[in-house]
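Beneath this line is the structure, given in structure tokens, with notes to follow.
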Amino acid sequence: MYGYVADGYWCDIGDANAYAKASRDALNGKVQVLKDGFEFFNNVWISKGCEVEEGAILKPKCIIGHNCRISKDAEIDMDTIIGNNVTISAGCSLKSAIIWDNCIIGENVELRGNIVCDRTRIDRGARAFEGSIIGYGSHVKENATIHQNIKIWPGKII
């Protein structure tokens, strides 16, 4: 049996809760990560090619990836991570959400403490809550609600 004493941060991200915790730890500076782009203001990082419309509300701490579009009246609240090529439409409210790449988030969508995987589309008025995971390539239709801790397989239509 061998062991290794690590000097830095280590976390086994073998489940979704640990992955979300490690992501929040990165936002809170407990683990050093390269932040591409620039600090828009205190603890709000935006990458190249992003468009943030006037009237959008961005609260610390959040990271927004390359080529994203944040529409007016969208609110990106603390502990939110947005991947590359993501559209956040008007009236959205995101808090502690992790959104991977190439997603479209429709108008007035509410995301709370959940994970949205790549190439997912969430239509107007849908809501997803703490601990839920929306799988790769899924489509959440208008006004749908995904309750706490619900896991949706890839490619599903809700």
Show every donor-acceptor pair shorter than 3.5 Å between a side-chain atom in residues 47-56 and any protein atom, with sequence neighbours excluded, or say none if there are none.
unit_1: S47; atom_1: OG; unit_2: D36; atom_2: O; d: 3.2
unit_1: S47; atom_1: OG; unit_2: I64; atom_2: O; d: 3.3
unit_1: E53; atom_1: OE1; unit_2: K72; atom_2: N; d: 3.0
unit_1: E53; atom_1: OE2; unit_2: R69; atom_2: NH2; d: 2.3

Q: Before giving the answer on side chain to side chain contact (heavy atoms under 4.5 Å, CB included), spell out for I157 and K141 the whole-Å C-alpha distance, their side-chain angles and the decisive distance to 0.1 Å.
A: CA-CA 7 Å; I157 298 173; K141 292 197 171 188; 3.6 Å; yes

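- Under a 4.0 Å N-O distance rule, the pair R124/E107 qualifies as a salt bridge.
- Here the closest non-hydrogen pair linking I122 and A126 is CG2-CB, 3.5 Å.
- Counting heavy atoms from C-beta outward, L111 and I99 have side chains that approach closer than 4.5 Å.
- When side chains are defined from C-beta on, I46 does not count as touching I70, because their heavy atoms never get closer than 4.5 Å.
- When all heavy atoms of L27 and K61 are compared, the pair lying nearest together is O-CD, 3.5 Å.
- Taken together through direct or relayed side-chain contacts under 4.5 Å among Ile, Leu, Val, Met, Phe, Trp and Tyr, F38 and I76 form part of one hydrophobic cluster.
- In this structure, the side chains of N114 and I98 stay at 4.5 Å or more apart for every pair of heavy atoms.
- Linking Ile, Leu, Val, Met, Phe, Trp and Tyr residues whenever their side-chain heavy atoms come within less than 4.5 Å places F40 and V86 in a single cluster.
- Of all non-hydrogen atoms in H66 and N84, the two that sit nearest each other are N-OD1, 2.7 Å.
- A side-chain donor-acceptor contact under 3.5 Å links S93 and R112.
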(Q) Working note: V140 + I146, criterion side chain to side chain contact (heavy atoms under 4.5 Å, CB included); need CA distance, chi angles, decisive distance, verdict. (A) CA-CA 9 Å; V140 178; I146 300 168; 3.8 Å; yes

Q: Decide side chain to side chain contact (heavy atoms under 4.5 Å, CB included) for I115 and W100; before the verdict, give the C-alpha distance in whole Å, the side-chain angles of both, and the deciding distance to 0.1 Å.
A: CA-CA 8 Å; I115 298 170; W100 293 2; 4.0 Å; yes

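- Atoms CG and CZ, from D79 and R24 in turn, are 6.5 Å apart once rounded to the nearest 0.5 Å.
- Taken from OG in S89 to CD1 in I105, the straight-line distance is 8.0 Å, to the nearest 0.5 Å.
- Across every non-hydrogen atom of I134 and A128, the tightest pair is CD1-CB, 4.1 Å.
- For NZ of K156, the number of neighbouring non-hydrogen atoms (other residues, nucleotides, ligands) closer than 6.0 Å is 12 at most.
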Q. Yes or no on side chain to side chain contact (heavy atoms under 4.5 Å, CB included) for I133 and V116, after CA distance, side-chain angles and deciding distance?
A. CA-CA 6 Å; I133 301 173; V116 177; over 6 Å; no

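- S71 places a side-chain N or O within donor-acceptor distance of the main-chain N or O of I88, the cut-off being under 3.5 Å.
- Going from atom OG1 of T80 over to atom CE of M78 covers 8.5 Å, rounded to the nearest 0.5 Å.
- Not one N or O on the side chain of D101 forms a donor-acceptor pair closer than 3.5 Å with the backbone of D118.
- Counted within 6.0 Å of CZ on R119, heavy atoms from surrounding residues, nucleotides or ligands total 12 or fewer; the atom is thus considered open.
- The two residues E110 and F129 have their closest heavy-atom pair at OE2-CE2, 3.7 Å.
- No side-chain heavy atom of I82 sits under 4.5 Å from any side-chain heavy atom of I63.
- Here the OG atom belonging to S138 is positioned 6.0 Å from the CD1 atom belonging to I152, to the nearest 0.5 angstrom.
- In plain terms, the two heavy atoms of C103 and C117 that are nearest each other are SG-O, 3.2 Å.
- At least one side-chain heavy atom of F41 sits under 4.5 Å from a side-chain heavy atom of P60.
- Residue V109 is grouped with residue I150 when hydrophobic side chains (ILVMFWY) are merged at heavy-atom distances under 4.5 angstrom, including chains of intermediate members.
- For K21, the salt bridge (charged side-chain N to carboxylate O under 4.0 Å, His left out) test picks out D25, with sequence neighbours left out.
- Side chain of D15 to backbone of N17: a donor-acceptor contact under 3.5 angstrom is found.
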